[in-house]
2 protein chains.
Amino acid sequence: MKHLVISPILAPVHTPSRDDAVLLALVDFVTGEGLRPGDRLPTERVLAEHLKVSRTTVREALTRWQELGLVERRQGSGTYLKSAVTRNMLHVPLTLPSGNDFNSLMHTLEIRRGLEAEAAVLSAERASDEDIAFIEQKLIQMEEAFHARHGMSADEDWDFHLAVFRTSGNPLFEQIIAAMYEMFHRFWEHPLGVRDFGHASFPYHRTLFNAIAARDPVAARAEALKLIATVEDDLRRGAANLKKQNKKS
Amino acid sequence: MKHLVISPILAPVHTPSRDDAVLLALVDFVTGEGLRPGDRLPTERVLAEHLKVSRTTVREALTRWQELGLVERRQGSGTYLKSAVTRNMLHVPLTLPSGNDFNSLMHTLEIRRGLEAEAAVLSAERASDEDIAFIEQKLIQMEEAFHARHGMSADEDWDFHLAVFRTSGNPLFEQIIAAMYEMFHRFWEHPLGVRDFGHASFPYHRTLFNAIAARDPVAARAEALKLIATVEDDLRRGAANLKKQNKKS
DNA sequence: ATTGGCACAATGGTCCAACCAATTTAAGTG
DNA sequence: CACTTAAATTGGTTGGACCATTGTGCCAAT
């Protein structure tokens, strides 16, 4: 018996698994209730009872949300919303190979080079006056921290870059570069033994800000590239030091 | 009563959960056994018995891997490896609000713009003769597919770009842009109703290849940007069409 | 009034045993 | 050999129980 030719319009039947149904109901609940990040969700037992599914199923669904970073579970306390959730939200997990060798660290910088430059361009094109004031505030905080401790402060430095990404109007920049940043600082606070890592990048933060404030995309791109270039130089210098030490021993 | 100022060195303690232990053991098993994507993992019951944990715990761990796209579960058949897994892997769930509208699609292209240009530069700087022959092979396959069906073929097009990323010497490009690509094509094959999407980008594939083959990073960057620009134009055209249709109805 | 200790309830984490549903495999049947 | 059918396999779900951690309120000591 031959199969009939079926119109290709017929797509695979959408068989929503039980977890998906739970998650969908939970989205509606969160939006309907107007829950915001930090708020507590109903307990697993309550959810299971109301949704007429077993607690195990609820747990599997929440485990998925946890893996996506949408929710955080604290034993003895409850389950808390970690990020805003709406129905039309696309989640794509990104898995990156990481390492602490010179090449892997340089790879993260190559990604940053492309993305930070692009983000600077977009920020210069789109930033509102309030956005620019916001970036300047972060810049000043970073500069104050720099003078106070005579060196780069990782937190304030990151806050400044974050401000630029946020004003680019594209949330993906922040998420991807945050991953690069984490890979870079995952193992060492002083990568490869360089103590004043990032020191040379300091002046370019202000020049980058000036370019963005002047709504000059070309200049913003150039300054962002200079900034990354100094970090790459630091990294190469650290690799050279490491090589020298190995030769001695 | 005022709180004392605590040294910022104090970080939350690391409490490894049971799932993590299972996942770690599973990583070692996969690498030790040399399993490759497509291979079948042991059944949940077997894993539970060997790891001395309950099947529930194994299931929670596998659910997490499934959410990350590392593994695929088929009821009645088994659990299959979907992607290579190693110990040093960083998982970043990317979240893009409102997946199908014009702005979200454009956001993925903004990321591609920065990264494809950078990858083209690196490829032009580093590609060996064999690499260039490999890219050319993919280019020819794409061109043949184009002429055969009088339009862009998504698979061959992607293979060509993939070849460029791989010869850039940085595996991060492939991973990140693949995520952008998936976000873009998740819902519709013909974004926003544009039927010959990507048609205009065709000639720039060869000009990009020529620049890389000539070891000209500057030209390679320029051609990559032109290529993305045509896709962005297609997208804008699609958005305009959509707007017109909405006005009519 | 503040602090510290304590018991108790609430909540997520784990376990077990059974059954359901889809798939695969093998036996049976013409 | 082709097809059907039954059984075994495997992931999906359920209910109930218990453990580990956290939050809360009470109470005594200071």
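Throughout, protein chains are lettered first and strands after them, A, B, ... in sequence-line order, and every chain is numbered starting at 1.
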Does the side chain of B:Arg59 come under 3.5 Å of the side chain of B:Ser54 through a donor N or O and an acceptor N or O?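 Not at all, the side chains of B:Arg59 and B:Ser54 share no donor-acceptor pair under 3.5 Å.
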
Do the side chain of A:Arg40 and the main chain of A:Ser77 share a donor and acceptor less than 3.5 angstrom apart? yes

By nearest atom, which of the nucleotides D:dG15, C:dT11, C:dG13 is closest to the A:Arg40 side chain?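 Looking only at heavy atoms from C-beta outward on A:Arg40, the closest nucleotide is C:dT11.
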
Do B:Met152 and B:Met142 have side chains that approach each other closer than 4.5 Å (heavy atoms only, starting at C-beta)? yes

Taking side chain as C-beta onward, heavy atoms only, is B:Arg87 less than 4.5 Å from B:Asp28?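 Yes, side chains in contact.
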
Would you kindly give the [atom1]-to-[atom2] distance between [X] and [N], to the nearest whole Å?
| X | N | atom1 | atom2 | value |
| --- | --- | --- | --- | --- |
| B:Glu60 | D:dT13 | CD | P | 13 Å |
| A:Arg18 | C:dA22 | CZ | P | 11 Å |
| B:Gln66 | D:dG11 | CD | P | 11 Å |
| A:Arg73 | C:dG13 | CZ | C1' | 8 Å |
| B:Leu47 | D:dG12 | CG | P | 13 Å |
| B:Lys52 | C:dT14 | NZ | P | 18 Å |
| A:Glu44 | D:dT13 | CD | P | 16 Å |

Does A:Arg59 place a side-chain N or O at less than 4.0 Å from the phosphate oxygens OP1/OP2 of D:dT13?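 Result: no.
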
Do any side-chain nitrogens or oxygens of A:Thr79 fall under 4.0 Å of OP1 or OP2 in C:dG12? yes

Upstream residue (5' side of DNA chain C) when A:Gly78 and A:Thr56 are each assigned their closest nucleotide: A:Gly78

Classify the nucleic acid contact of B:Thr43 as base, sugar-phosphate or nothing, counting any heavy atom under 4.0 Å across all strands shown.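 B:Thr43: backbone/sugar contact only, no base atoms under 4.0 Å.
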
Assess whether side chain to side chain donor-acceptor pair (under 3.5 Å) is satisfied between A:His91 and B:Thr95, documenting all intermediate values. CA-CA 5 Å; A:His91 303 286; B:Thr95 300; 3.2 Å; yes

Report, as a single string ordered 5' to 3', how protein heavy atoms within less than 4.0 Å touch nucleotides 17-23 of chain D: B base, S sugar-phosphate only, - not at all. BB-BBB-

For residues 158-175 of chain B, which side-chain N or O atoms pair as donor and acceptor with protein atoms under 3.5 Å away, sequence neighbours left out?
residue, atom, partner, partner atom, Å
B:His161, ND1, B:Glu116, OE1, 3.2
B:His161, NE2, B:Asp157, OD1, 3.3
B:His161, NE2, B:His205, NE2, 3.2
B:Arg166, NE, B:Glu174, OE1, 2.9
B:Arg166, NH2, B:Glu174, OE2, 3.0
B:Thr167, OG1, B:Ser123, OG, 2.9
B:Thr167, OG1, B:Ala163, O, 3.1
B:Thr167, OG1, B:Val164, O, 2.9
B:Ser168, OG, B:Phe165, O, 2.5
B:Ser168, OG, B:Asn170, N, 3.3
B:Asn170, OD1, B:Leu172, N, 2.9
B:Asn170, ND2, A:His107, O, 3.1
B:Asn170, ND2, A:Glu110, OE1, 2.8

side-chain contact (heavy atoms from CB on, under 4.5 Å) partner of A:Leu26, the single match among A:Leu47, A:Thr31, A:Leu70: A:Leu47

